[in-house]
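Reading through the structure tokens given below for one structure.
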Amino acid sequence: MRILLTGGCGFIGSAVIRHLIRNTDHSVLNVDCMTYAASEDTVSEVADDPRYSHARANIVNGVEMQRLFEEYRPDAVMHLAAESHVDRSIDGPGIFIQTNVVGTYSLLEAARKYWNTLGDAEKKVFRFHHISTDEVFGHLEPNDPPFTETTPYDPRSPYSASKASSDHLVRAWFHTYGLPTFVTNTTNNYGIWHFPEKLIPLVTINAIEGRDLPVYGKGENVRDWLFVEDHAEALVKAVETGKPGETYAIGARQPRTNLEVVKKICAVLDELQPDPAGPRERLIRFVTDRPGHDFRYEIDPSHAEKELDWKATHDFESGIRKTVQWYLDNRAWWEGIRSKRYTGQRLGASK
């Protein structure tokens, strides 16, 4: 299978590419315009493989997308390119609308025009796989059942609203034009090569350096955590077997409060690299909550597990240990980011 994958130098996209090259015979064209959060280091181990190629292009550019479809002639699209940090969407929502909404529209139109040129057999095989988030569903109260594929949409942030919009476009192109699209929604991912602005890498790196560990509010907000390599495996299974018009909610059944996550990172680091100044929980600082902070996300992945013949293999304890160890072993990567692109400052405080 020839796969056109967008956002392949980002956190999740690069994990999918590494999985594709390591574990399948598929070829992949990585379409990535290399924003602040992208890094070619994330795919360096597969960059020389003849089944991998990279096109530096922006999905908003419909003419360029059409050219790539015509030249590469993919059997499937995996659309991961997105602005994804809620805090940044609060500070500057415009780029989220451009990339997540306009970019998805441009890619859908390029895919539709290409698909219409295919023969009947090729049309039947083709898939457009749109990768999305559970944040489109809004938030859950403590006793609410987890999200499923049929949960109504209720986005609360500029980021989640932009992703909800893109989900609706993908489904509209299926119903209106017959383009064989489907959607996967997932919980919070974590793991290696994660840009340091998100909770787990930010706290891990701050704790390594002995900096304050900021926790929003009282740290009671709950997220359902999925190790990125487990997610990559699920996404590849989805593009191989997913059915047009379907939705698959992907998760690992590993909910934790933010405070539990931060304390677990501290405990693992204290074991792997003790701090002479004492246990790292001393660094925890509760800070003003971000505007519109959703209380809880959690997915029931039963449908995806059954239909995709997949189940997450990492529990949170094993996944976080691998993650923390990786950040200890790869200081050069994140120190370079800290010195040039993101110093660890607070984002998303705008009101």
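Residues: numbered from 1 along the sequence shown.
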Less than 4.5 Å apart, any side-chain heavy atom of [X] and any of [Y]?
X      : Y      : result
Leu213 : Cys266 : yes
Leu5   : Val31  : no
Thr288 : Tyr216 : no
Arg296 : Asp144 : yes
Tyr52  : Val43  : yes
His139 : His293 : no
Phe126 : Leu179 : yes
Glu298 : Thr187 : no

**Asked** Under the salt bridge (charged side-chain N to carboxylate O under 4.0 Å, His left out) criterion, do Asp212 and Arg285 qualify, and how do the steps go?
**Response** CA-CA 6 Å; Asp212 287 352; Arg285 302 289 184 269; 3.7 Å; yes

**Asked** So Ser14 and Arg18, side-chain hydrogen bond (donor to acceptor under 3.5 Å, both in side chains) or not? Walk me through it.
**Response** CA-CA 6 Å; Ser14 65; Arg18 294 191 302 272; 3.2 Å; yes

**Message:** If we ignore hydrogens and angles and just use 3.5 Å, is the side chain of Arg280 paired with the main-chain N or O of Ala207 as donor and acceptor?
**Reply:**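 Checked: pair present.
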
**Prompt:** Distance-only, no hydrogens or angles: does the Asn221 side chain make a donor-acceptor pair with backbone N or O of Asp294 under 3.5 Å?
**Reply:** yes

**Message:** Which residue in the set Trp173, Phe174, Trp115, Phe128 passes side-chain contact (heavy atoms from CB on, under 4.5 Å) when paired with Pro180?
**Reply:**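 Looking at Trp173, Phe174, Trp115, Phe128, the match for Pro180 under the side-chain contact (heavy atoms from CB on, under 4.5 Å) is Trp115.
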
**Request:** Please determine which of Val86, Ile90, Asp87 meets the side-chain contact (heavy atoms from CB on, under 4.5 Å) test together with Pro291.
**Result:**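 Of all the options given, the one that passes is Ile90.
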
Please list, one pair per line, the donor and acceptor atoms closer than 3.5 Å that link side chains of residues 58-68 to other protein atoms, with sequence neighbours excluded.
| unit_1 | atom_1 | unit_2 | atom_2 | d |
| --- | --- | --- | --- | --- |
| Asn58 | OD1 | Val60 | N | 3.0 |
| Asn61 | OD1 | Val63 | N | 3.3 |
| Asn61 | OD1 | Glu64 | N | 3.0 |
| Glu64 | OE1 | Arg67 | NE | 3.2 |
| Glu64 | OE2 | Arg67 | NH2 | 2.5 |
| Arg67 | NH1 | Glu71 | OE1 | 2.7 |
| Arg67 | NH1 | Glu71 | OE2 | 3.0 |

Please find the pair of heavy atoms, one from [X] and one from [Y], that lie closest to each other, and give the distance.
X      : Y      : answer
Ser132 : Val183 : CB-CG1, 4.2 Å
Ile299 : Gly251 : CG2-N, 4.0 Å
Pro145 : Leu140 : O-CD2, 3.4 Å
Ala304 : Tyr248 : CB-CB, 4.1 Å
Val101 : Ser162 : CG2-O, 3.6 Å
Thr42  : Cys9   : OG1-O, 3.6 Å

**Request:** Quick one: do Glu240 and Arg127 satisfy salt bridge (charged side-chain N to carboxylate O under 4.0 Å, His left out)? Show the steps, please.
**Result:** CA-CA 9 Å; Glu240 291 172 336; Arg127 294 290 183 270; over 6 Å; no

**Asked** Who passes side chain to side chain donor-acceptor pair (under 3.5 Å) against His303, sequence neighbours left out?
**Response**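 Residues passing side chain to side chain donor-acceptor pair (under 3.5 Å) with His303: Glu246.
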
**Partners meeting side chain to side chain donor-acceptor pair (under 3.5 Å) with Thr24 (sequence neighbours left out)** =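 Scan of Thr24 (side chain to side chain donor-acceptor pair (under 3.5 Å), adjacent residues dropped) gives none.
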
Which pairs pass salt bridge (charged side-chain N to carboxylate O under 4.0 Å, His left out) with one or both residues in [range], sequence neighbours excluded?
range            : answer
residues 227-236 : none
residues 214-225 : none
residues 21-50   : Arg22-Glu45, Asp49-Arg51
residues 98-115  : Glu109-Arg112

**Prompt:** Is any side-chain N of the basic residue among Asp300 and Arg253 closer than 4.0 Å to the acidic one's carboxylate O?
**Reply:**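 A salt bridge is present here (some side-chain N lies under 4.0 Å from a carboxylate O).
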
**Message:** A cation-pi test, strictly: NZ or CZ of Arg321 under 6.0 Å from the centre of the six-membered ring of Phe316 and no more than 45 degrees from its axis. Yes or no?
**Reply:** no

For [X], side-chain contact (heavy atoms from CB on, under 4.5 Å) partners two or more places apart:
X      : answer
Phe137 : Asp134, Phe147, Thr151, Tyr153, Asn185
Ala277 : Asp275, Arg282
Ser84  : Tyr159, Lys198

**Request:** Quick one: list whatever passes salt bridge (Lys or Arg N to Asp or Glu O under 4.0 Å) with Glu317, sequence neighbours left out.
**Result:** Arg256

**Request:** Could you label the plane-to-plane angle of the Trp333 and Tyr327 rings as parallel, tilted or perpendicular, counting under 30° as parallel and over 60° as perpendicular?
**Result:**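 The rings of Trp333 and Tyr327 sit tilted, inter-plane angle from 30° to 60°.
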
**Request:** On the 0 to 90° scale, with breaks at 30° and 60°, tag the His314-Phe227 ring pair as parallel, tilted or perpendicular.
**Result:** tilted

**Asked** Would you find more than 12 non-hydrogen atoms of other residues, nucleotides or ligands less than 6.0 Å from Lys123 atom NZ?
**Response**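 Buried by this count: over 12 neighbours within 6.0 Å.
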
**Item:** Residue pairs, two or more places apart or on separate chains, that pass ring-ring contact (aromatic ring centres under 6.0 Å, His included) and touch residues 58-80
**Value:** Phe69-Tyr114, His79-His130

